[in-house]
Amino acid sequence: MLTDALKTMMTAKEAQGDYTKDGILYCGRCNTPKQVLMSLPVLTGTDTPQPLPVACKCQQEADDRTQAEQRAAEFKNNLGVHWRADGFHDPSYLKPTFSDDDGSNPKLTNICKKFVDRWPEMFENGMGLLLYGGVGGGKTFLAGCVCNALLEKQVKVCATSFPRVLNVLQNSMDRQKALDRLARYQCILLDDFGVERGTEYAQEQLFAVVDARYRAKRPTIITTNLSLHDLENPQNLSYSRIFDRLLELCPVRLCVSGPSRRQGLADERRALARELLL
């Protein structure tokens, strides 16, 4: 004889609209079985098939969504622990998403979306993305959109800037360990390449950062105000070592030009301020 607890566990939950067909319960929403006939003599004491509960199609889909949400939450929580421990990540880079795009340059946006869609191939081949062009054109915006879209795919992303990375390295007790942490991310955004140029020390640090990602053979997204001509024609041997690795690291190169996105946002804020105060 079955205990009451076991009977409850083996009883399908009937909801409004459910119906019985061929001796088993069907879901009234998706019209798939919520029970299956099965013989379990060890439990039931008889060879006669008994109706046992199973997940109907809509319940299985709901369970899958719940599990996916739990995995996503756990992934972001674990990644957040790494971000805080490393000190490289800057959350401000993860504000933009493709849904925020104004459509001013659909060709560039589509290429960036394809980079995300083809991520398995990008990762396998260590293919990075270089966004270059003048100030305010939207390089950082597009890079942030890519990072956010990759996070939704549960890719271990770190978004930061070259100045921040160089500052962390300068204050690190063990620079090599810091570089190793930088190399372990599946993808990393390094914003503002080239702003720390000038000193021999800065050049050494730039090379170390680029080389760490180069040796890891992992995709890297780099933004810079330098032109492609500047990168392809370095002014000395030191920059040549850096730029050669950077260009090999980023075979996908996009020139981001056009009206300054930053200027447009500033104009909107001034208009809002006038409306509120005047």
Side-chain angles (χ1 to χ4, degrees), residues 13 15 27 29-30 32 34 53-103 106 108-131 138-161 164-165 168 177-191 212-213 216-223 249-250 252 254 261:
K13 294 182 179 179
C27 175
R29 289 188 298 171
C30 65
T32 59
K34 298 179 78 171
V54 294
C56 63
K57 181 180 179 181
C58 60
Q59 182 60 56
Q60 185 60 58
E61 289 173 348
D63 292 343
D64 290 344
R65 285 194 300 271
T66 299
Q67 292 175 11
E69 291 170 358
Q70 291 174 345
R71 287 194 299 269
E74 183 178 357
F75 166 79
K76 289 184 177 180
N77 181 66
N78 291 337
L79 187 57
V81 172
H82 292 305
W83 284 342
R84 290 188 292 273
D86 292 343
F88 291 119
H89 181 71
D90 184 342
S92 66
Y93 286 107
L94 296 183
K95 290 181 180 180
T97 65
F98 283 120
S99 61
D100 300 320
D101 186 73
D102 60 9
L108 289 182
T109 300
N110 287 336
I111 293 174
C112 289
K113 287 182 177 179
K114 285 183 179 179
F115 182 88
V116 175
D117 293 339
R118 303 298 295 272
W119 171 251
E121 292 93 336
M122 298 295 105
F123 180 74
E124 182 179 354
N125 293 284
M127 287 187 169
L129 177 64
L130 173 66
L131 301 167
K139 302 182 296 296
T140 302
F141 172 83
L142 285 173
C145 290
V146 172
C147 286
N148 258 319
L150 289 175
L151 279 174
E152 292 302 314
K153 289 177 171 286
Q154 296 186 31
V155 175
K156 293 180 179 178
V157 171
C158 176
T160 186
S161 66
R164 185 181 183 118
V165 170
V168 172
K177 283 188 177 180
L179 289 170
D180 290 343
R181 293 198 302 271
L182 196 67
R184 74 185 177 188
Y185 288 100
Q186 292 172 290
C187 184
I188 187 167
L189 162 61
L190 294 171
D191 191 41
R213 294 298 296 178
K217 300 186 184 304
R218 291 193 163 186
T220 303
I221 303 170
I222 293 177
T223 74
L249 197 60
C250 301
V252 184
L254 303 178
R261 178 183 295 269

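Basis for what follows: all heavy atoms, side chains included, without hydrogens, waters or symmetry-related copies.
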Acceptor/donor pairs from residues 63-75 side chains to any protein atom, 3.5 angstrom cut, sequence neighbours excluded:
unit_1	atom_1	unit_2	atom_2	d
Asp63	OD1	Gln59	NE2	2.8
Asp64	OD1	Gln60	NE2	2.9
Thr66	OG1	Ala62	O	3.0

Who passes side chain to side chain donor-acceptor pair (under 3.5 Å) against [X], sequence neighbours left out?
X: Arg181; value: Asp86
X: Asp90; value: Ser92
X: Asp180; value: Gln176

Would you be so kind as to tabulate the donor-acceptor pairs closer than 3.5 Å made by side chains of residues 119-128, with sequence neighbours excluded?
unit_1	atom_1	unit_2	atom_2	d
Glu121	OE2	Arg118	NE	3.3
Glu121	OE2	Arg118	NH2	3.4
Asn125	ND2	Glu121	O	2.9

Apply side-chain contact (heavy atoms from CB on, under 4.5 Å) to the pair Leu79 and Tyr185, showing each step before the final yes or no.
CA-CA 10 Å; Leu79 187 57; Tyr185 288 100; 3.9 Å; yes
Contact summary for [X] and [Y], nearest pair of heavy atoms:
X: Gln186; Y: Pro219; answer: O-CD, 3.4 Å
X: Ala212; Y: Leu179; answer: CB-O, 4.1 Å
X: Cys30; Y: Lys57; answer: SG-N, 3.6 Å
X: Arg29; Y: Cys58; answer: NH2-SG, 3.5 Å

side-chain contact (heavy atoms from CB on, under 4.5 Å) with Lys217: which residues, sequence neighbours excluded?
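None.
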Set of side-chain contact (heavy atoms from CB on, under 4.5 Å) partners for Cys112, sequence neighbours left out:
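With sequence neighbours excluded, Cys112 shows a side-chain contact (heavy atoms from CB on, under 4.5 Å) to Phe98, Leu129, Leu142, Val146, Leu254, given in chain and number order.
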I'd like to check the salt bridge (Lys or Arg N to Asp or Glu O under 4.0 Å) partners of Lys139; sequence neighbours left out, ordered by chain and number.
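Partners of Lys139 by the salt bridge (Lys or Arg N to Asp or Glu O under 4.0 Å) criterion come out as none, since no residue qualifies.
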Calculate, to the nearest 0.5 Å, the distance between atoms [atom1] and [atom2] belonging to [X] and [Y] respectively.
X: Leu189; Y: Leu150; atom1: CG; atom2: CG; value: 10.5 Å
X: Leu182; Y: Thr220; atom1: CG; atom2: OG1; value: 8.0 Å
X: Asn78; Y: Trp83; atom1: CG; atom2: CH2; value: 11.5 Å
X: Cys158; Y: Leu190; atom1: SG; atom2: CG; value: 8.0 Å
X: Thr109; Y: Lys114; atom1: OG1; atom2: NZ; value: 12.5 Å
X: Cys56; Y: Glu61; atom1: SG; atom2: CD; value: 8.5 Å

Passes side-chain contact (heavy atoms from CB on, under 4.5 Å), Arg218 versus Ile188? Steps please.
CA-CA 9 Å; Arg218 291 193 163 186; Ile188 187 167; over 6 Å; no
Could you please spell out the steps behind the side-chain contact (heavy atoms from CB on, under 4.5 Å) verdict for Leu249 and Leu130?
CA-CA 9 Å; Leu249 197 60; Leu130 173 66; over 6 Å; no
Asn148 (side chain) donor-acceptor with Cys145 (main chain) under 3.5 angstrom
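Here the side-chain-to-backbone pair does not exist.
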Any side-chain donor paired with an acceptor under 3.5 Å for Asp191 and Thr140?
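Indeed, the side chains of Asp191 and Thr140 share at least one donor-acceptor pair under 3.5 Å.
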Just grab all the side-chain hydrogen bond (donor to acceptor under 3.5 Å, both in side chains) pairs involving residues 149-161, residues at least two apart or on different chains.
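Non-adjacent pairs meeting side-chain hydrogen bond (donor to acceptor under 3.5 Å, both in side chains): Lys76-Glu152.
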